[in-house]
**Q** 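I have a structure I would like to understand better, so I am pasting it below and will then ask my questions one at a time.
So you know, we letter chains A, B, ... as the sequences are listed, proteins then strands, and number each from 1. Only heavy atoms go into these numbers, but all of them, side chains included; no hydrogens, no water, no symmetry mates.
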Amino acid sequence: MEHQVVHREAIGAEPLQPATIIARNVNVFYGAKQALFNVDVDVPRNAITAFIGPSGCGKSTFLRCLNRMNDTIPICKVTGKIMLDGQDIYDPDLDVVELRARVGMVFQKPNPFPKSIYENIAYGPRIHGLTRTKKELDELVEQCLEKAGLLKEVHDRMHEPGTGLSGGQQQRLCIARAIATRPDVILMDEPCSALDPIATAKVEELMDELKENYTIIIVTHSMQQAARVSQRTAFFHLGKLVEVGDTRQIFTNPRDKRTQDYITGRFG
Amino acid sequence: MTVDAPIADGHPLPRLNDPARLRTRYAAEARFRIYGVAALSIAIAFLFGLFASIISNGWSAFLQTKAHVPVYLDPAEIDPDGKRDVSRFGLADYTKLARDALSKAIGLPEKQDKATKRDLKGLLSRAIDVQIRDLVVADPSLIGQTITVPLLAHGDVDSLLKGAIDRSIPEERRQLNDRQLQWIDKLTADGVLKKDFNAGLFAYGASSQPESSGLAVALIGSLFMMLTVALLAVPIGVATAAYLEEFAPKNFWTDLIEVNINNLAAVPSIVFGLLGLAVFINFAGLPRSASLIGGLVLTLMTLPTIIIATRAAIRAVPPSIREAALGVGASKMQTLFHHTLPLAFPGIMTGTIIGLVQALGETAPLLMIGMVAFVVDIPSSVMEPATALPVQIYMWATSAERGFVERTAGATIVLLGFLFVMNAAAVYLRRRFERKW
């Protein structure tokens, strides 16, 4: 296998906190096919890290390694080490359910449960036993809706189906649902690809606010979005992490020819 | 304006709205529509013919001719010792009491020859003996009184009043002789003989006389079997499907199981009957003809249907819902019970009810395990001999009397009614639970 050169840029203009996720030498196989090759990456705390790259480059696959959603695919095998706050998340003793409560996920297509808005958010806290009384749960649901900027829009229809909201509202509901289990990390897999520009702007604004308290990793096809919202960017190509660094540096002064070609639109 | 511009290989482009081409296409479309309408019409005609035939043959089974005569419960006949001893009541000749009552209603002299007595007796069902005795045993204080009971008329009388016996047939070949016809006409004119709702159809068990045979044993047997199937096949089927769909590893063994479940769904039902005979009766030693065995056999037969329907319903739940649940940290089991199964519920209910409907209409396997028996007493548990609705239809269909022909069609109406209600329930449940959001 060809030796992987990963360009690393020292912390840029904004000082970033130490890494909360550290991945070393991660390889992912779907059966005989290898999807990721020796990925090493550090994800800083309370910042937004964007994974960019052309379709099929492995960025979503890597994202799904971080909360072990790949476990649900029987033929998928992950090797290497991924540490979350110093704990190996592929440790056989680690309970994947606990991990997923700490590493929330927002999917490409808004996927609220076919239940009420209230129930969508209350479900996670309830199964993890995060609240003791109905009042606590009510408060938590309101807090999450407030944080997701949705409370004003839905406060009078909390018990109506979540599937009745608009696409953008549904996605913010999914974000509210993800933060209800009090995670440290939120993974977002192309969260705006099914949304119109106005809804996208709202979600991006929300992400910017959320980064104060959460570590956010976003997979996106839109380089503009990565440039707008993220502090750090990782460029994947053909299953390899080509370059990772400060977002401004990646977009203004990429070190690798392939990064340069991609961000200038020569392929992808 | 049309432009016949030649393209590269020299063929001109077809003209727009070329009348000849349009005509061919429209004709083809019209032909296709006609085929469809014709096919549909044929199907509807057959269905209509079927229902018309069954209903026209069977509606009269819901009416039964009875003789409303005042019967004097003579103490000298029933209780000569005056001891009110219930065991003595069984020895009395109640038919004689009924015959005397009928003779009085016709206005015949008290002294009668044997032939008259026989002809009179021929107007009443043989079941009236038991009918009157049961009344007396239930309430001995009736002895000495005159009571008017609707006495079951003989099946031939019933058939005559329903127009199923031809009066123009010569007397020696007719079921009823000329004198009996006269009596019947007089009694009918007096309002003594009349048709009313045949409650006996749902209250009696097997009988060799059509007028006193009913569906009670078959209804109870079918009910017991449906309960057995619902209690066993539904939980086992749904659990199997959920396990195979959500938990089982995908390997050679699960593939093998899947193929065999699909094969089992195609196995002829009589084979399940043979299996039941070999396993439940010969090996496990359960009592022959019991509705428990019928239920077990039908459970085996219904399981593949329920498993396949449930797997399809589970598979139809969008994967995004599963991901959403797993994403907030629900375990596999929580995901299944909180999200996947509730969403699959309408599909599971539909499959289950279709399975139950199949089981309700199944005859062949029940013949193999001896449920095609002459059962008079209504079973009170699943271990007692019983029959089933379709088997009862089969048994009546093999009898020649006009009364049984009519009951065959009547029982078919009852069976179709049940199937209709169950299918309607399936549709209702599906709508009800799908409309939730």
Side-chain angles (χ1 to χ4, degrees), chain A residues 63-64 66-75 95-117 119-130 144 160-164 170 173-183 186-189 194, chain B residues 240-259 310-350 429-437:
Chain A
L63 189 77
R64 294 166 74 94
L66 301 179
N67 67 346
R68 291 183 54 180
M69 276 307 261
N70 284 336
D71 287 14
T72 56
I73 304 166
I75 57 164
D95 183 43
V96 69
V97 162
E98 300 287 313
L99 171 73
R100 288 188 190 136
R102 283 192 58 197
V103 183
M105 189 156 193
V106 177
F107 297 85
Q108 185 168 0
K109 227 183 109 219
N111 57 352
F113 298 129
K115 296 173 190 281
S116 69
I117 292 169
E119 281 300 317
N120 260 283
I121 295 165
Y123 181 68
R126 199 176 280 151
I127 59 172
H128 294 294
L130 296 185
C144 293
E160 282 171 39
T163 42
Q170 285 189 23
L173 177 63
C174 292
I175 293 172
R177 180 177 66 190
I179 59 182
T181 57
R182 296 180 184 147
I186 305 172
L187 309 177
M188 298 189 174
D189 191 356
Chain B
T240 308
Y243 175 76
L244 283 175
E245 211 42 53
E246 300 283 334
F247 293 96
K250 298 275 171 285
N251 58 26
F252 172 76
W253 295 110
T254 45
D255 283 351
L256 191 73
I257 289 170
E258 171 154 15
V259 168
T310 305
R311 291 189 72 176
I314 288 176
R315 223 173 293 160
V317 174
S320 64
I321 296 297
R322 258 175 229 129
E323 286 194 322
L326 293 172
V328 294
S331 68
K332 261 183 160 180
M333 213 176 88
Q334 287 169 332
T335 305
L336 178 71
F337 282 103
H338 297 163
H339 300 283
T340 316
L341 277 187
L343 287 175
F345 184 74
I348 296 173
M349 278 319 290
T350 312
L429 283 171
R430 196 168 54 218
R431 291 271 170 81
R432 168 91 173 67
F433 286 96
E434 271 178 350
R435 219 169 30 192
K436 208 162 146 191
W437 299 111

**Q** Which bit of A/R64 comes within less than 4.5 Å of chain B, counting heavy atoms only: side chain, backbone, both or neither?
**A**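 It is the side chain, since no backbone atom gets that close.
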**Q** Tell me, for A/P112 versus chain B, whether the close heavy atoms (under 4.5 Å) come from the side chain, the backbone, both or neither.
**A**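 For A/P112, backbone heavy atoms alone lie under 4.5 Å from chain B.
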**Q** Using a 4.5 Å heavy-atom cutoff, which residues in residues 313-327 of chain B come close to chain A?
**A**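 So the qualifying residues are B/S320, B/I321, B/E323, B/A324, B/A325, B/L326, B/G327.
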**Q** Compare every heavy atom of B/V328 with every heavy atom of A/H128, then report the nearest pair and how far apart it is.
**A**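 Reported closest heavy-atom pair: NE2-O, 2.8 Å.
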**Q** For a quick test of reading the model, state the closest non-hydrogen atom pair linking A/P114 to B/L343 and the distance between them.
**A**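 Minimum heavy-atom contact is CG-CD2, 3.4 Å.
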**Q** Counting only non-hydrogen atoms closer than 4.5 Å, does A/V103 touch chain B with its backbone (N, CA, C, O), its side chain (CB onward), both, or neither?
**A**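 For A/V103, backbone heavy atoms alone lie under 4.5 Å from chain B.
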**Q** From A/R126 CZ over to B/H338 NE2, what is the distance, rounded to the nearest 0.5 angstrom?
**A**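 So the CZ of A/R126 and the NE2 of B/H338 are separated by 9.5 Å.
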**Q** Answer whether the closest heavy-atom distance between the side chains of B/H339 and A/Y123 falls below 4.5 Å.
**A**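 Sidechains of A/Y123 and B/H339: in contact.
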